[in-house]
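Start at 1 and go down the list; that is how both ligands and their atoms are numbered. FYI, the numbering just counts along the sequence from 1.
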Amino acid sequence: MKKLLLLLLLPMGLFAQNNDPNMGIIPAPASVSRGKGEFKFTPETIVLVDSPNHKAIKFISEYLRKANLATSVTDMGTMDKKRTSLKNSVKLSLIFKEDLPAEGYELKITEDNIELRGRGAGMFYGIQTLIQLIQKSNSPGYAIVPCATIKDNPRFRYRGMHLDVARHFFDVDFVKKYIDVMAMYKLNYFHWHLTDDQGWRIEIKKYPKLTEIGSMRAQTKVGRAAGPTAVPGLFDNTPHGGFYTQEQINDVIMYAASRYITVVPEIEMPGHSLAALAAYPEWSCDAGKTYKVGENWGVYDDFFCPTPETFKALFDILKEVMDMFPSAYVHIGGDECNKVSWKKSEFCRQLIAEEKLKNDEGLQSYFINKIAKYVSSQGRQIIGWDEILEGGLAPGSVVMSWQGEKGGIAAAQMGHDVVMTPGSGGLYFDHVQSKSTQEPLSIGGHAPLSKTYGYDPLPSVLTSAQQKYVIGVQANLWTEYIATPGKAEYMLLPRMLALSETAWSLPSNKDYKNFSTQRIPRHLAQLDRNGYNYRVPVPIGASDTVLKGNKFKIELAPSVDGAKIHYTIDGAEPTENDLVYTAPLEFTVPERETIVFRSIVVTSSGKRSVSTSIKMEN
Ligand code: ACM
C-alpha cells in the first residue's frame, strides 16, 4: 500500500529526467551514465558517514533532516563491518586521495545504496548533485533517486559571482541567501563589492567615520541617469544607507566557507572612492573641499590622492580587511579612475616628476603597485579590474577582464592570472534580459540567457600555455537600478545558472537546447519552492516573430515546471484570465488578414513572463 502511495505521489520532474542526458543536473556533469531503476529513501534509510564532523557531511545531514529524509546519520567507525554493507543505506565517504581530479566527485546510485566519493570540495559538489537528483514525495521519509553513475569535476577553479552592495545595500540575510544559491550551482568565489562612491559598507575600527558618514547618502538618483531617456534631477529625496559590522562580515565569511565559497572583499581605489572622501576629505587631492556621498551614478572626478597620508590610511584599512577575510585574493578595484582631480593637483604633478612617471596612467600604475606590494607583503594577492594594466601591471596581480577580453588576453600573455568577466559576454547581470518593453529598468546592454550561456572564457587567440592563466569566469551584479532583493534575484536568475555551466562544464557537454528547455524549467520550479524570485522565460517555442502563409501550427511548452501558458489571438496583452494553452494549436489565416498570437507564462506561485507575439500574416 505504502509503495503504491509513493508511486502516486512522484513529482512529474522524474519523467523529464528520463530522456535528459544530464538527468536535470545544472551544471552539466563531466560524465553521466544512467542506470536502471532507482534508490528509494524510506523511513528506515540510514546515512553512513566516515567523517561525521566534516562540513560537507554536516551540510547533507542538515539537508536530509529538513527534508524529513534519513534522519539517522551513523558514523561508520562505530559500526561493525557487516552492518555497513546494509542495503538501503546512503553511504557518504570522503576520499582525500589523489585519484580524483581537484574538486571532483563520483556519485554512484544503485537500487541498494548511494555512494559518494569526493576530493576536498568535491564532496560538497557531489552532495549538491545528489540533492538535485532527489525526487521528494509528499510522504515524510520517502523519496527516490534515479540510478546513475556520475563522475564530475570543474573546468575552472575560479567560478565567481559578484554583488554590488554599495549602490544599494543588501542585508546579511539576503547575502546569505545569495551565497546559498551560488553553492547550489557549484560557484566558489563571492566577490563582495563593499565600497564605492555611493556608500562605504564595511566597518573599519580605525576609521569609524567611513561608516558613520560614508555609509549614508541623502538621496538616490532614480530613473535613467544617462542616455536618450535620462531624466535629469530626478531624485527620491530618501536617505539610503547601511553597513556590515566586523562581526556580521565574519558571520558571512564563515557561512560561505561552510559552503566552500571564498569571499573576496573589494575595497575600491583609487577611483570610486567618494564615500570615503565624504568621511575623510584629507585623503583627496583637495582637502579644503567638502564631499558628499554620491547620489548620482557614473564616474566622479574626485578620488583618493596618492599622498603618504592616504597610503597609510589605505594600508591600515587593508590590514583590517585582511584580518577579517582569509581570502588569498583582495580586490582593490582600480577601474574608471578618470584622473581629473590628479590632473589639477600640484602634488600629483610633482610626484610624477619625482618618480619619473610618464603621465597620469603612470601614476595609476604607481598607486596600484604600492598597494599590490603592501598586500603581497601580507601574504595576499591583489585582483583588480583591467585598468590595473594601465602604465604596467604590478607583479603577482590578477586581472579581472570586464571591458571585453582584451585586458585579460594581454595579462595572460604576460603570465598573469585572469578572471574573465566581460560585459560583452553576457556576464553583466545589470543588463536587460530581453528586448521587451515589459522588462524592468536596467542599464548597459542586452544580455539574454542564451548570450550568458554561449560565452567561452578561453579566447582562441591565446596559446594553450597562455590559456592556463585564465583561472575562471565571473558574472557581476551592479545595483544602480536594483534597489530590492526581489529585483536582484530577478536579474540574477536564471542567468547565474548559465554562468555556472560555463564555469563548470566542458564545452563539449554544453547544449543550450537541453539546458533551456529540459533543465531550466525544473530548476526554476525548485527555486520557486526555495523562495527565490527569478525572471520567468517566455513560453518554450515562442519568440517575437512574423510568419507568412495561411496555415500555422503553434507548439509551446511552459518555461517553468507546473506553470501555465495563457494566450490571446487578437494581439491583446494576455493575463491569467485568458485562454490556457493545453495542446498544439492550428490556425488558418484568411487572405490579407493577420492573427497576432500573444502568450505569457504564469507560474503556480503567480510569477509571470513578459509577453511574446507571433504574428501570422497571409
Ligand atoms: C566596472 O564595471 N566598472 C568594473
Side-chain angles (χ1 to χ4, degrees), residues 158 160-168 189-201 221 224-227 264-276 294 296-304 329-340 361 364-365 367-368 371-372 382-390 393 397-411 416-432 442-447 451-452 455 457 470 472-482 488 491-492 495-496 499:
Y158 186 109
M161 192 63 232
H162 150 291
L163 177 64
D164 169 12
V165 294
R167 273 49 177 271
H168 281 99
Y189 280 92
F190 172 50
H191 172 170
W192 207 0
H193 184 78
L194 287 161
T195 72
D196 214 301
D197 299 308
Q198 298 83 3
W200 185 283
R201 309 274 176 235
K221 171 83 187 192
R224 231 172 268 276
V264 178
E266 180 179 355
I267 307 296
E268 267 270 15
M269 60 190 80
H272 287 295
S273 52
L274 190 59
N296 210 337
W297 313 126
V299 171
Y300 285 88
D301 294 343
D302 292 297
F303 34 82
F304 291 131
Y329 301 126
V330 177
H331 203 301
I332 52 82
D335 60 316
E336 299 183 318
C337 176
N338 69 10
K339 328 282 186 312
V340 170
E361 281 66 43
Q364 153 113 352
S365 175
F367 193 110
I368 301 291
I371 295 292
I382 65 154
I383 300 194
W385 301 109
D386 52 49
E387 290 93 328
I388 67 169
L389 281 148
E390 283 175 15
L393 263 183
S397 47
V398 181
V399 171
M400 227 170 225
S401 194
W402 72 280
Q403 300 175 102
E405 291 182 323
K406 62 182 187 310
I409 291 169
H416 284 257
D417 282 349
V418 169
V419 175
M420 285 295 187
T421 180
S424 53
L427 299 176
Y428 266 48
F429 290 175
D430 52 344
H431 292 184
V432 75
S442 65
I443 43 166
H446 180 224
K451 186 170 178 183
T452 307
Y455 179 65
V470 179
V473 58
Q474 175 174 294
N476 304 320
L477 190 60
W478 300 103
T479 58
E480 283 94 333
Y481 296 105
I482 300 174
M491 299 305 274
L492 183 73
R495 288 185 290 195
M496 195 201 78
L499 166 75

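Judged by distance alone, the side chains of W385 and E266 do bring a donor and an acceptor atom under 3.5 Å apart.
A salt bridge links K339 with E390: at least one charged nitrogen is closer than 4.0 Å to a carboxylate oxygen.
Proximity of a side-chain donor or acceptor of T479 to a complementary backbone N or O of H168 within less than 3.5 Å is detected.
Under 4.0 angstrom from ligand 1, the non-hydrogen atoms of E336 all belong to its side chain.
Scanning all protein heavy atoms for the shortest distance to atom 2 (O) of ligand 1 gives Y428 OH, 2.6 Å. Looking at atom 3 (N) of ligand 1, its nearest protein heavy atom turns out to be D335 OD2, 2.6 Å.
Here the options are H191, H162, H193, the test is ring pair (Phe, Tyr, Trp, His ring centres under 6.0 Å), and the partner is H331; only H191 passes.
Ligand-side atoms of ligand 1 in range of W478: 1 (C), 2 (O), 4 (C), range being under 4.0 angstrom from any heavy atom.
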